[in-house]
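Each ligand, and each atom within it, is numbered from 1 in the order the structure gives.
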Amino acid sequence: MTVTVQPKASHFINGAYVEDTAGTEIPVIYAATGQQIASVHAATPEIVDMALASAKAGQKSWAAMTGTERGRVLRRAADIMRDRNHDLSVLETYDTGKPMSETLYVDATSGADALEYFGGLAGSLTGEHIPMGQDWVYTVREPLGLCVGIGAWNYPTQIACWKAAPALACGNAMVFKPSETTPLCALKVAEILFEAGLPAGVFNVVQGMGEVGGALVTDPRVDKVSLTGSAPTGKKVYAAAAAGMKHVTMELGGKSPLIIFDDADLENAVGGAILANFYSSGQICSNGTRVFVQKGIKEAFLTRLTERLETAVIGDPMDEATTFGPMVSENQRDIALGYIAKGEAEGARLVYGGKQLDRDGWYIQPTVFADVNDGMVIAREEIFGPVMAVLDFDDEDEVIARANDTEFGLAAGVFTRDLSRGHRVIAAMEAGSCFINSYNDAPVEAPFGGVKASGVGRENSKEAIKHYSQVKSVYVRMGDVEAPF
Ligand code: NAD
């Protein structure tokens, strides 16, 4: 089966593709070539209204179904996704430029995991019974209503599923706006959900830039906003949602620490640092981009890291042998190159990479700076590209203080053979998603999300249910009412 990249239309509303060419045209550029491969149109106010109205209308009947029935639809969608993993992976690669060696194993598969997991939970979402003598209180776990999901461009299939699956399991409807950089994959998620039996209107996709997101967030029909994006966008969206007293989940950026003690298994620590910086060409929110290496292991770490980076296969993302692809866009590549120039200007030591590749597409080399200090821009700001900053440290208390000295708090990792120390250090980390002798695992069973400027709320796991439902409490009196007069 050939994969058609140009979607049938820009938006998916009320169970069907919808077009309105009056909206601004958004070209879809393949990151590996720089060539346009498709285009969509940003949603006009009429399209936004149509999507919200269809979600509002679809939500009530979806919520009226039993949890088991809703779960069956989600689990069927998970099966379809797995069956089509290859084509969905090709589309994900076209959308993002990430290599097939990643997309075949991570994107549609993790989307399917979310649909399966929350499909399984849907039938068990209940309230509780609270005895009060002869009276009692019962609670009802209710959906929030109409949820808006807004996505970043690095994991377009996964982000759509991580938001849709718990929202729909709880009986909500959703309008999802993918990033304008990667508009294709969410449409396939919508198609698959409807093929699996989702009623029309319950999951809708509209395209557009920040202003379309803004129109969704401020609409009075919307009860909840879940954003995956940068911290500056998060602050704007959170404020706009607060004005309407809407629920929020904010999955934002980070500048996470990865701490490597000199007793760590060197190969595992190097492998962890590679996963924490160069998977998806470094475009992962939870990346451990501040790699604190204890002085005793520093030179061995840098030597082995450099040797292993030499084995990266940089090239055509459609070739399954490729292990390192291009950046998502020219803009994102230029942002990363700008930070590399800043690192050199600030006096950090360029140990590896740092160059743009002389070929079509938005390729830069995996890049490592050593001798980075805490005040340098490359140690403070999120780069969202393949740029690792290696910082030295002497002892545990010092590294804990320095690791936490950031506005962000998405993730943190530690490599050590001393497990007591591993737990002690992680206990002190101001971060939501932590790793001991590992990095960047994100199974659907575990909560995922940040603290401080990295966000509020959690995706995945049973925690996500709390962010897509609310509890009604009902006091039931069996006897007479006693009133003072
Ligand atoms: P971005 O903040 O530029 O955009 C994110 C989304 O918000 C896009 O869909 C965009 O159109 C929309 N948007 C922009 N302005 C808006 C507004 N005023 N109102 C409503 N919507 C608006 O982020 P990006 O460049 O697409 O993605 C990269 C960022 O996302 C990085 O900071 C990264 O760390 C973060 N991210 C976080 C997670 C996580 O789970 N914590 C996952 C992936 C990416």
Find out whether the Lys NZ or Arg CZ of Lys163 is both under 6.0 angstrom from the six-membered ring centre of Phe176 and within 45° of the ring's axis.
-> no

Using a 4.0 Å heavy-atom cut-off, say whether Leu410 meets ligand 1 through its side chain, its backbone, both or neither.
-> side chain

Among all protein heavy atoms, pick out the one at the shortest distance from atom 39 (C) of ligand 1; state its residue, atom name and that distance to 0.1 Å.
-> Cys285 SG, 3.1 Å

Tell me, which protein residue and heavy-atom name are nearest atom 23 (O) of ligand 1, and how many Å apart are they?
-> Ser230 N, 3.5 Å

Which heavy atom of the protein is the closest neighbour of atom 12 (C) of ligand 1, given with residue, atom name and distance?
-> Ile150 CG2, 3.6 Å

Is there a donor in the side chain of Tyr363 and an acceptor in the side chain of Gln356, or the other way round, less than 3.5 Å apart?
-> no

Pick whichever of Ala42, Gly210, Pro178 has a heavy atom sitting closest to atom 16 (C) of ligand 1.
-> Gly210

Heavy-atom proximity to atom 30 (O) of ligand 1, best of Pro232, Ala239, Gly229 | Gly229

Among protein heavy atoms, which sits nearest to atom 24 (P) of ligand 1, and what does the distance come to when rounded to 0.1 Å?
-> Trp153 NE1, 3.3 Å

Geometric cation-pi criterion Lys188 and Phe12, 6.0 Å radius, 45° cone | no

At under 4.0 Å between heavy atoms, what of Leu227 touches ligand 1? The answer is side chain

Out of Asn287, Thr233, Val328, who gets a non-hydrogen atom closest to atom 1 (P) of ligand 1?
-> Thr233

Have a look at ligand 1 and work out which part of Gln283, if any, has a heavy atom under 4.0 Å from it: side chain, backbone, both or neither.
-> neither

